[in-house]
Each structure stands twice: as C-alpha cells, then as structure tokens.
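Structure record follows, encoded as structure tokens.
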Number of protein chains: 2
Amino acid sequence: MDTLDTTFAALADPTRRAILSMLLEDDMAVTDVAEPFEMSLAAVSKHLMILQKAGLISQEKRGRVKWCKLEPDAMKDASVWMQSFGQFEAINLDAFEAFLSAELSSEG
Amino acid sequence: MDTLDTTFAALADPTRRAILSMLLEDDMAVTDVAEPFEMSLAAVSKHLMILQKAGLISQEKRGRVKWCKLEPDAMKDASVWMQSFGQFEAINLDAFEAFLSAELSSEG
DNA sequence: CCCATATTCAACCAATTGGTTGACCATTGC
DNA sequence: GCAATGGTCAACCAATTGGTTGAATATGGG
C-alpha cells in the first residue's frame, strides 16, 4: 500500500479536508465532526475511517464517545514529495537547510 | 471547481505521479511518456488529460507530436494548504521564499 | 431495567475511475 | 498518394467512491 496513494486520495475530498481543518482547532467527537455537514452521520463516519486509514487522524474511544485527533505528521511524506516539484523546482535542499539554520541563529 | 480537489485527485494515482517525475527531467512526447508503462497509449493519454486539467502539465502540439511539460506552480496551492497543518519546518514557505530570493540574488 | 445517545454495519445505489479495444483524425516522408 | 506514425475518441467494462437508509451494538444515566 503506497502511502502517497492513500494520503493524496484522502485529501482529494473537500469534506475530508474540511474535517482536517476543524480538527486543527481541537480534538472532536464523531457526532460533533458531523454536525456542520449536510450528510448522514454514517457518511461522515466513513470519511473519518478513510482519514484514519491514511493516518491523517487517530481515533480513541472513551466511553461511548470516539474522539478524533489530527495527526499532521501523516502529511509529511506527501509534502516532501511535492517539494521536489513546484516552485521548489530548483531547490537545493542542503542549501535550504543551511539557510534555515542561519535564519534561526540570527533570530536568536 | 475546487482546484485542491483536482490537484490532490490527480496526485493520488501512482502512474500520474511517475509521469510527473519523468517530466521533471525534461519535456516529453506522449508516446515517450507512455513507453515505460504496461498499459495502452490511450490509458496514458487519459492520465495526461487529467494532469492537464489539474494544471500540473501543459501540452503543446508541434507537428504530429504533442509535447508535455511539467507545470510545477499548479502544486503551490495544495502545498500551501498542507503547510497550514504545520510540523513541516523544512517547507516553511516564508522561509523558503526568503531562501529563493537569496538564491536568486546570489546567482546574479 | 430501560431509554437516549454515540457510532458503526450492511445492503444498496448512482456516479466516477482506470483500464481495454478498435476506429478515427492529423501529420510526415517515401 | 499512401503507408506509417502520433495521438485521441467512443464504447464498453469492472472496481471504487460517496452517498443513502435501517438495523445493530455499546455505553451512560435516571
């Protein structure tokens, strides 16, 4: 299972991206995640499954409530992959990292 | 048409990602793009259409040959969107843009 | 215990996706 | 002119996707 496949596929749906944005604020219960969407709870539950399988969220059941938590690290591989394209075409990663450390040290 | 939808969907297929990687090297004719894949030319042609509609490549016909060119800027929105989830020091865009200007000015 | 709440499961459906094949159109070169 | 080359179109197919509904499961509270 290529993780880039599942990551990009998970991100290709606007409902799922909206859910991720919501979770950026705070962890949420499934029912609360579903509330703003004009679709059934079951549909949102499926979206959450897809996000979980992609590793983009984790879910923990406490009592009868299942809490959803953003797992932003799961975006890293996809982000790095994209980085080799884009306006990053000419990027020299080593140089960029050196630049970043220079920035950090000068910012004190 | 949400461009994030089409961008992420386009990137969710391994064949299309492979094509983009190939085009990173150089512009290519449709037939040459198709050559390494174990699928019909028509199938690859469809993939190229999807990439083009997502803006990730452009295609220009010269004679009977259609040339495919990577259009990396089309990844920018998606990249920025992902970046809002943080954690990725390495692709901090502000820093990256500063890096690019520094690169440009030093290259003369 | 019993009801309400929280969530998933299962069956189903329409639309989309990723592939095939064969016909078709455009261009090039002998 | 005509055959070969480059590429798309159209019809088709199986698998997947994103949604529905109704039933099922688990938990919590009076």
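Keep in mind that the numbers below use all heavy atoms, side chains included, and drop hydrogens, waters and symmetry copies. Chain A is the first sequence line, chain B the second, and so forth, proteins listed ahead of strands; every chain is numbered from 1. Bear in mind the structure is a predicted one, so any value in this text is a computation, not a measurement.
- Proximity of a side-chain donor or acceptor of A/Thr7 to a complementary backbone N or O of A/Thr3 within less than 3.5 Å is detected.
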Protein-proximity profile, nucleotides 18-30 of chain D, B/S/- by nucleotide at the 4.0 Å heavy-atom cutoff, equals SBBB-----BS--
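- One can place CG of A/Leu11 at 15 Å from P of D/dT17, the figure rounded to the nearest angstrom.
- Distance CG (A/Asp5) to C1' (C/dT17): 13 Å, rounded to an integer number of Å.
- We find that CE of B/Met49 is positioned 10 Å from C1' of D/dC9, with the value rounded to whole Å.
- Taking 4.5 Å as the limit, some side-chain heavy atom of B/Met82 sits within range of a side-chain heavy atom of A/Leu11.
- Atom CD in B/Gln59 sits about 13 Å away from atom C1' in D/dG6, given to the nearest Å.
- Here the rule is side chain to side chain contact (heavy atoms under 4.5 Å, CB included) with B/Leu23, and of B/Glu71, B/Met28, B/Lys69 only B/Met28 fits it.
- Going from atom CG of A/Asp27 over to atom P of C/dA6 covers 17 Å, rounded to whole Å.
- Using a 4.5 Å cut-off on side-chain heavy atoms (C-beta onward), B/Ser21 and A/Phe85 make contact.
- Distance A/Leu48 CG to C/dA6 P: 15 Å, rounded to the nearest Å.
- Through direct or relayed side-chain contacts under 4.5 Å between Ile, Leu, Val, Met, Phe, Trp and Tyr, B/Met49 connects to no other residue.
- Shown here are the salt bridge (Lys or Arg N to Asp or Glu O under 4.0 Å) partners of B/Glu25, two or more places apart in sequence or in another chain: there are none.
- Considering only side-chain N and O atoms, A/Ser45 lies nowhere under 4.0 angstrom from the phosphate OP1 or OP2 of C/dT7.
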